[in-house]
Number of protein chains: 2
Amino acid sequence: MIDIITEPHPVAPSVPSAITPDTRAAIEQMYFTYRAFTSGPDALLAERGLGRAHHRILYFVGRQPGIAVGALLETLQISKQALSAPLKRLQEFSLVEVRAADQDRRVRRLTLSAAGAQLEAQLSEQQAQWINTAFARVTAEDIASWRRVMHALEQ
Amino acid sequence: MIDIITEPHPVAPSVPSAITPDTRAAIEQMYFTYRAFTSGPDALLAERGLGRAHHRILYFVGRQPGIAVGALLETLQISKQALSAPLKRLQEFSLVEVRAADQDRRVRRLTLSAAGAQLEAQLSEQQAQWINTAFARVTAEDIASWRRVMHALEQ
DNA sequence: GTTAAGCGTCAACATGATTGACATAATCAC
DNA sequence: GTGATTATGTCAATCATGTTGACGCTTAAC
């Protein structure tokens, strides 16, 4: 159980803040934009009885075919138990295939089946169209700048 | 129960896609950037036994003091049942205050207590510092462009 | 042959969301 | 005033996604 503290909380006195209206606007934009970003795929996935967890697996296995389970866990930053159920379901649906690695047979390599690759393409296609639609409304310089800022935001 | 279809799925044949490597990169950037965006506040909230749901309530009540429950539901796009538990908890912790509206006493107006405002400021401060740190590494033109693109992405 | 690595699985639990049904108080329409 | 509607709350069942802990299995490494 998490330690719930309701008493006055011992926190470092907050440095007088740089929360300008512009920064506030940026925070809100991250929230709403991400929500819009996920809503398209979510609907498509729901039709098949899948969720966002399955999407992330499909996505990263698609990007790195033959990725090991451990590496996928690192990428997703979740526990193996959290991965277990959605990965199993993707196997049952024949969307993801699992094979022991040749060199080290403890390692399971994950790849997309043809159907898995097709679904992944549909999902990415949706997001790509959404991004490309937005990109079409701004200049090439805006896009380059957007990338620079997003990269800076990843730390 | 969701209708689970494992048979070949009746989907419109996907239009040959515009998923360029650049678009892929943009998709990934959204995912990782949002994850980085939420990790700071999440840690601070966990110390107090709160989660992201509480954060969103604190945030929007902070931005629109006196907001009605129904309006908050609209903003968050969740059901009243989903709001109930975290809101109740915020009241128990004396972070959010609830008062019947003067004109229409069915309407409950939500405001932050002093402690609630302080916590909200800390959380926003964290995100603001993160954003400002990133903004410091790019030009003013990049920031303006970033805003334009983010706005376009909200549709 | 023992140890360690990579992975799987069972269990218990927390959180955040859903839908459905019903309850209550206050306002509005007549 | 009565009756419908609105704003909100609440109980219940369910789902998805995550956690930690404990234990087991197969394979590789020493």
Side-chain angles (χ1 to χ4, degrees), chain A residues 1-4 31 35 38-39 41-43 45-58 61 66-93 96-110, chain B residues 1-4 31 34-35 38-39 41-43 45-59 61 66-93 96-110:
Chain A
M1 177 66 179
I2 293 166
D3 183 22
I4 299 169
Y31 172 66
R35 198 164 74 181
T38 50
S39 65
D42 281 355
L45 288 156
E47 285 177 26
R48 292 172 170 252
L50 300 175
R52 227 174 267 185
H54 306 94
H55 185 186
R56 292 195 281 256
I57 297 169
L58 286 172
V61 172
I67 188 176
V69 169
L72 184 56
L73 293 176
E74 279 269 308
T75 303
L76 296 175
Q77 301 208 141
I78 58 175
S79 65
K80 59 183 176 177
Q81 296 93 330
L83 179 65
S84 174
L87 179 55
K88 196 182 287 182
R89 191 155 191 180
L90 289 171
Q91 288 179 247
E92 286 164 2
F93 284 21
V96 166
E97 282 158 6
V98 180
R99 281 187 44 202
D102 291 336
Q103 336 80 291
D104 184 342
R105 286 169 52 200
R106 292 171 303 182
V107 175
R108 311 291 182 95
R109 301 212 165 274
L110 308 176
Chain B
M1 177 64 179
I2 293 167
D3 182 23
I4 298 169
Y31 171 66
Y34 190 76
R35 196 165 75 180
T38 52
S39 65
D42 281 354
L45 288 156
E47 285 177 26
R48 292 172 171 252
L50 301 175
R52 227 175 265 187
H54 306 93
H55 185 187
R56 292 196 280 256
I57 297 169
L58 285 173
Y59 183 83
V61 173
I67 188 175
V69 169
L72 184 56
L73 293 176
E74 280 269 309
T75 302
L76 296 175
Q77 301 208 143
I78 57 174
S79 64
K80 60 183 176 176
Q81 296 91 330
L83 179 65
S84 173
L87 179 55
K88 196 181 286 181
R89 192 155 188 180
L90 289 171
Q91 288 178 247
E92 286 164 3
F93 284 21
V96 166
E97 283 159 6
V98 180
R99 282 188 42 203
D102 291 338
Q103 337 82 292
D104 183 343
R105 284 171 50 201
R106 291 171 304 181
V107 174
R108 311 291 182 96
R109 302 213 164 274
L110 307 175

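Being a predicted model, the structure only gives us computed values, none of them experimental. Just the heavy atoms: all of them, side chains too, but no hydrogens, waters or symmetry mates, feed the values below. Chain letters run A, B, ... following the sequence lines, proteins first, then strands; residues in each count from 1.
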What integer distance in Å separates [X]:[atom1] from [N]:[atom2]?
| X | N | atom1 | atom2 | result |
| --- | --- | --- | --- | --- |
| A/L83 | D/dT20 | CG | P | 15 Å |
| A/L87 | C/dG8 | CG | P | 7 Å |
| A/Q103 | C/dA5 | CD | P | 18 Å |
| A/K88 | D/dA16 | NZ | C1' | 16 Å |
| A/I78 | D/dA16 | CD1 | C1' | 12 Å |

Next on the checklist: For D/dG18 and A/R56 - does any side-chain N or O of the residue sit under 4.0 Å from the phosphate oxygens OP1/OP2?
Outcome noted: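 Yes, within the criterion.
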
Checklist entry - If you take atom types as modelled and just measure distance, does the side chain of A/R106 reach the base of C/dA5 with a donor-acceptor pair under 3.5 Å? => result yes

Next on the checklist: Applying a 4.0 Å non-hydrogen cut-off, can you work out what B/A68 is touching in the nucleic acid: base, sugar-phosphate, or nothing?
Outcome noted: sugar-phosphate

Checklist entry - When we call it a touch if two heavy atoms are under 4.0 Å apart, what does B/A82 touch: a base, just sugar-phosphate, or nothing? => result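 Counting heavy atoms under 4.0 Å across all strands, the contact made by B/A82 includes a base.
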
Next on the checklist: With heavy-atom distances below 4.5 Å as the criterion, would you say the side chains of A/L76 and A/I57 are in contact?
Outcome noted: yes

Next on the checklist: Within the 4.5 Å heavy-atom criterion, are A/H54 and A/R48 side-chain neighbours or not?
Outcome noted: no

Checklist entry - If you pin A/Q81 and A/R108 to their nearest nucleotides in DNA chain C, which one's is more 5'? => result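 Its nearest nucleotide lies further toward 5', so the answer is A/R108.
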
Looking at the side chain of [X], which of [options] is the nearest nucleotide?
| X | options | answer |
| --- | --- | --- |
| A/R52 | C/dT9, D/dT17, D/dT8 | D/dT17 |
| B/V107 | C/dG6, D/dG18, D/dT8 | D/dT8 |
| A/R89 | D/dA16, C/dC7, D/dT8 | D/dA16 |

Next on the checklist: Take a 6.0 Å sphere around CZ of A/R35 and say whether it holds more than 12 heavy atoms from other residues, nucleotides or ligands.
Outcome noted: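 Atom CZ in A/R35 is crowded, with more than 12 foreign heavy atoms closer than 6.0 Å.
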
Item to check | Whether over 12 other heavy atoms sit under 6.0 Å from B/R99 CZ | outcome: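 Open.
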
